[in-house]
Amino acid sequence: MPQYYKAGSIPHKRHTQFRKPDGTLYSEQLFSTEGFSSDYSLLYHNHPPTQITKTEKPFDVSPNVAEEKMLKHRSFQGLKIKPQKDFLKSRKPILVNNDCHISLAAPQQSMQDYFYKNADADELIFVHEGHGRLITSYGELPFKYGDYLVVPRGTIYQIHFKTGKNRLLIIESFSPIRFPKRYLSTNGQLLEHAPFCERDIRPPAELITYDAKGDFLVKTKKKGVLYNIHYASHPFDVVGWDGCCYPFAFSIFDFEPITGRVHQPPPVHQTFEANNFVVCSFVPRLFDYHPNAIPAPYNHSNIDSDEVLYYVDGDFMSRKNVTRGMITLHPAGIPHGPHPGTVEKSIGAKETMELAVMVDTFHPLMLTKQALEIENENYARSWLKIE
Ligand SMILES: [Fe+2]
């Protein structure tokens with residue numbers, strides 16, 4: 001996230017005296033996710049962000065893997081994940097490997113009495129249903145249907161929903177989430193051929209400073225263990241910050257599709273990348289316009305990546321029996337392609353209204369117990385033509 005941004009009050013020179021009206025010093029904090037070797041921000045707290053008062057007994061929240069190895073096309077009914085009041089408890093890991101965890105969640109309540117920090121993973125939260133505000137030390141970030149929220153690992157946040165009806169797709173990335181390198185200039189600006197630009201990136205909109213002392217619980221996840229850590233000051237006591245590392249939102253509806261005379265490959269849909277996986281956005285678009293074009297995709301062998309599609313809305317042209325919130329997993333090692341009948345049906349069609357998020361992982365995914373509970377039977381045989 002190379003775009004420089006600043007909010008609130010900051011001193012003219014970094015690492016110099018910056019005093020409150022009463023003459024005492026603000027506490028400067030450098031925040032980055034890759035040591036001192038990448039983008040960072042400097043935040044100015046009313047109180048040191050280090051004042052731990054007590055900790056509780058940690059507990060295990062790591063995914064419950066049910067199938068470590070397999071070679072079969074799978075599909076899951078994402079909306080069958082039951083709504084749950086608490087945000088953290090509502091998150092159900094479905095597909096996991098060492099690079100990312102893909103979870104579904106239907107939280108009903110805002111986080112009121114605690115804060116959350118994922119110490120291991122950047123979080124990419126795709127909002128399928130619901131709207132509200134993501135609150136961090138950097139300010140308040142309003143979100144709505146279709147938004148990707150990118151939260152750098154280590155960011156303390158609270159998520160507040162307007163209603164109890166929320167559906168989220170959450171991708172935890174154990175390496176920093178970035179825009180694809182080929183979209184960026186050497187200085188980090190999004191290039192003219194990229195399907196989105198800086199104007200589409202929404203940083204936190206409003207910085208509200210909570211200068212408060214008391215008991216503040218930050219539930220912190222590290223290596224699959226949740227630690228309840230109590231602090232003596234409010235985590236969002238920042239009066240100002242600047243830098244290039246902060247949470248932001250990007251709407252899938254601001255992704256400008258790249259189309260062509262003939263079928264365009266998945267990389268034209270790419271939105272984010274991290275170590276060993278990419279995230280793509282399939283958005284409503286005009287179909288291919290060669291007079292003999294086949295808009296449906298060709299069969300493909302994705303021999304070096306597991307392909308996960310999360311169907312958001314609209315009609316998915318190459319699949320049959322696809323419903324909102326459904327997930328398909330086409331593992332590396334066996335080819336897949338359009339369902340019977342969908343190739344002919346796609347010919348002559350002018351546009352598609354499909355909306356989907358794709359995650360391609362370069363190492364195999366494992367299935368959790370919760371995935372098996374919402375699995376559609378017989379998906380592996382769904383390419384068979386019924387005569
Ligand atoms: Fe595919």
Side-chain angles (χ1 to χ4, degrees), residues 70-78 94-97 99-100 102 104 124 126 128 169 171 180 195 252 255 257-260 262-274 276-288 293-347 349 351-367 371 375-376 378-385:
M70 64 99 196
L71 189 56
K72 193 173 135 178
H73 296 316
R74 316 291 282 257
S75 89
F76 311 94
Q77 219 56 50
I94 303 297
L95 302 167
V96 299
N97 69 13
D99 302 309
C100 65
I102 302 171
L104 295 170
L124 179 63
F126 177 76
H128 190 174
L169 168 72
I171 300 156
I252 197 168
F255 186 97
I258 295 166
T259 58
V262 294
H263 187 81
Q264 297 294 296
V268 300
H269 306 281
Q270 196 181 342
T271 314
F272 301 104
E273 69 184 16
N276 298 322
F277 77 92
V278 298
V279 178
C280 299
S281 304
F282 287 81
V283 301
R285 61 194 182 279
L286 294 179
F287 268 147
D288 321 327
I294 298 178
Y298 30 74
N299 299 295
H300 47 285
S301 299
N302 56 311
I303 202 71
D304 54 4
S305 66
D306 276 16
E307 180 193 284
V308 177
L309 263 164
Y310 179 79
Y311 303 91
V312 182
D313 269 312
D315 206 15
F316 214 76
M317 50 100 170
S318 64
R319 309 245 85 87
K320 281 176 160 178
N321 305 318
V322 159
T323 52
R324 284 179 77 242
M326 193 169 147
I327 291 178
T328 54
L329 167 61
H330 302 135
I334 43 175
H336 68 279
H339 270 138
T342 57
V343 172
E344 285 287 4
K345 201 175 143 203
S346 76
I347 294 171
E351 62 180 347
T352 174
M353 298 309 288
E354 69 190 19
L355 193 65
V357 175
M358 185 170 83
V359 184
D360 272 9
T361 67
F362 306 142
H363 294 298
L365 288 157
M366 300 178 283
L367 279 64
E375 184 168 16
N376 291 314
N378 298 322
Y379 178 69
R381 290 163 53 85
S382 61
W383 281 266
L384 274 177
K385 211 168 173 177

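Sequential numbering from 1 along the given sequence is applied to the chain's residues. For ligands, and for the atoms within them, numbers begin at 1 and follow the listed sequence.
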Salt bridge (Lys or Arg N to Asp or Glu O under 4.0 Å) involving Glu307 - partner list, sequence neighbours excluded |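 Salt bridge (Lys or Arg N to Asp or Glu O under 4.0 Å) check on Glu307 returns nothing, list empty.
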Apply salt bridge (Lys or Arg N to Asp or Glu O under 4.0 Å) to Asp313 and list each qualifying residue two or more places apart in sequence or on a separate chain.
->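 By the salt bridge (Lys or Arg N to Asp or Glu O under 4.0 Å) rule, Asp313 matches Arg324.
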Between His73 and His336: side-chain donor-acceptor atoms closer than 3.5 Å = no
Will you find, in the side chains of Ser382 and His339, an N or O donor that is under 3.5 Å from an N or O acceptor?
->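 Looking only at side-chain atoms, His339 and Ser382 do form a donor-acceptor pair, the distance falling under 3.5 Å.
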Distance below 2.8 Å from the Fe ion (ligand 1): protein N/O/S atoms |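 Sorted hits: His300 NE2, Glu307 OE1, Glu307 OE2, His336 NE2.
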Donor-acceptor under 3.5 Å (Trp383 side chain, Pro340 main chain) | no
Under the ring-ring contact (aromatic ring centres under 6.0 Å, His included) rule, collect the residues that match up with Phe282, sequence neighbours excluded.
->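 For Phe282, the residues satisfying ring-ring contact (aromatic ring centres under 6.0 Å, His included) (neighbours in sequence not counted) are His269.
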